[in-house]
Undergrad: 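Pasting a structure below so you can have a look.
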Amino acid sequence: MKNLLELKEINKTFKIKGTSDSTILENINLHVKEGEFLAVLGPSGSGKSTLLRIIAGLIPSSSGTVSYLGKKIKGVNPGVAMVFQSFALFPWLTVLENVMLGLERKKISVEYKREKSMQVLDIVGLDGFENAYPKELSGGMRQRVGIGRALVSEPDILLMDEAFSALDVLTAENLRRDLLELWLDKKIPTKSIVLITHGIEEAVYMADRAIILSSGPATIIKNIDISLPRWRDRKSPEFLSYVDEIYSIMTKKKIPMTEMLVQTKKDLIIPSVSAGALTGFLELLEDLNEKIDLYKLADRFLMDMEDFLPLIEASALLHFTKVTEGDIELTEHGVEFARATVLERKKLFRQQLLEHIPFVQKMINILRSKSNKQMNIEFFEELQSQTFGEEIGQKQLDLLIGWERYAELIEYDDNKEIVYLEQSV
Ligand code: ADP
Ligand code: MG
């Protein structure tokens, strides 16, 4: 099949007044074939929306080219239309008028625009709602309007920016199915679809191919063909193995969890998590009472993977959990902790801290060796700054002191800026 769209060596740098330039996209090479459904995955803030806007010609790239049907694009790309996460409807326009906006640039009569828009409303399941206003519609129906507005111009390529992310689970699933059906059964002339998403399952369910972006700046780190017949069964082993594969690529690139644990023990970076949050997280895992896929864990609580990562990392660091290839489970210590009383928990936490965080051992040894069992905080700040630099060192120390206080290893006097060894230690 021929290439509909081709990106060559796309770079994007934003120049922000008063700060240094920041490069968001680096050397992106990408093509979209006719008949293809491409998913673009990547951490939030990595530049997915920026990439889509460049494809649509809504913003220029800093260098590189976008071609549609072999021709370089200058300005708006005539072959694409966009669907947004936020629906982006005009509240003062009716459903029909919002859809007609998709034909704004076409030189056709208003009557014909109206007629075409009515047809599209029928196709996207909004027959009878043409005179309603967006505020009268549910989220799912609003996004149907958003999709209708994109489809009405009969684009070769439909660009979707997290188009299902703002919808509740069931609504999103319905809309995904409906859209896939329209496309697979050729009820719409759209040839190819590019879907930006941070949902791994969504990508594996819908796409023929997925690319995974890294962040800071975004480069394509992996291209995966998803060769599963449709319709796809989310519970089949083949489906799950794609999900696992993508999952482990994404998390490894973001935080090399296991590497970090083995290699750099003495310069550990402590994830920014309070003892209280960690406790809650371990209770939650204990409640689930099973080994669970990390992405499912996030899905289950409607959270982004990224919100969970510090908790996962901190719990693994203290050996309360074990993470292997995308699965997380409580260790024996973790189970014990989750089931323990408040006092027992403090004791267990203390054990794990002393055993697995070398800097905690160091602090305690220093305090023990002093006859008055105290030390000014500056001393420890200095030690941390030497390893991590001043700013991160300070943060790391704050976190550790929080954990040590919870574990009743030390006490800290804010005013005097003095750290004391707890009497029982
Ligand atoms: P994603 O869609 O993957 O979450 P975006 O493409 O929205 O990421 O943004 C990527 C990065 O580019 C972010 O750090 C964002 O702050 C930055 N960015 C996006 N648009 C602009 C802009 N117009 N000016 C400066 N920085 C921007
Ligand atoms: Mg985005």
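When a ligand or atom number is given, it counts from 1 through the structure's own listing order.
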Undergrad: So, does Gly47 sit close enough to ligand 1 that a heavy atom of it is under 4.0 Å from the ligand?
TA: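 The answer is yes: ligand 1 sits under 4.0 Å from a heavy atom of Gly47.
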Undergrad: Look at Thr50 and state whether any of its N, O or S atoms is less than 2.8 Å from the Mg ion (ligand 2).
TA: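 No - counting backbone and side chain alike, Thr50 has no N, O or S atom under 2.8 Å.
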Undergrad: Of the options Lys106, Arg105, Lys116, which is the one that meets Ser153 in a side chain to side chain contact (heavy atoms under 4.5 Å, CB included)?
TA: Lys106
Undergrad: Should we count CZ of Phe14 as having more than 12 external heavy atoms under 6.0 Å?
TA: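 Atom CZ in Phe14 is crowded, with more than 12 foreign heavy atoms closer than 6.0 Å.
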Undergrad: For ligand 1, is there an N or O atom under 3.5 Å from any N or O atom of Arg53?
TA: no
Undergrad: For atom 7 (O) of ligand 1, what's the nearest protein heavy atom and its distance?
TA: Ser49 CB, 3.7 Å
Undergrad: For atom 17 (C) of ligand 1, which of the options Ile59, Ile24, Thr23 provides the nearest non-hydrogen atom?
TA: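 It is Ile24 whose heavy atom sits nearest to atom 17 (C) of ligand 1.
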Undergrad: I need the Arg142 CZ to Ser138 OG distance, nearest 0.5 Å.
TA: 7.5 Å
Undergrad: Would you kindly specify which portion of Thr50 sits under 4.0 Å from ligand 1, judged on non-hydrogen atoms: side chain, backbone, both or neither?
TA: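 Within the 4.0 Å criterion, Thr50 contacts ligand 1 through backbone and side-chain atoms alike.
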Undergrad: With a sphere of 6.0 Å drawn around CD of Glu136, does it hold more than 12 non-hydrogen atoms of other residues, nucleotides or ligands?
TA: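 Yes, the 6.0 Å shell around CD holds more than 12 heavy atoms from other groups.
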Undergrad: Note the single closest protein heavy atom to atom 10 (C) of ligand 1, along with its residue, its atom name and the distance in Å.
TA: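 Ranked first by proximity to atom 10 (C) of ligand 1 is Gly45 O, 3.4 Å.
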Undergrad: Give the minimum heavy-atom separation between Asn131 and Thr94, together with the two atoms involved.
TA: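 Result for this residue pair: O-CG2, 3.8 Å.
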Undergrad: Nearest heavy-atom pair of Ala207 and Leu38: which atoms, and what distance?
TA: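 Where Ala207 meets Leu38 most closely, the heavy atoms are CB-C, 4.3 Å.
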Undergrad: Nearest to atom 23 (N) of ligand 1, what protein heavy atom do you find, and at what distance?
TA: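 That would be Phe14 CE2, 3.5 Å.
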Undergrad: For the CD1 atom on Ile392, are there more than 12 heavy atoms of other groups (residues, nucleotides or ligands in this structure) within a distance under 6.0 Å?
TA: no
Undergrad: With a 4.0 Å cut-off, strictly under, does atom 15 (C) of ligand 1 pick up any protein heavy atom?
TA: no
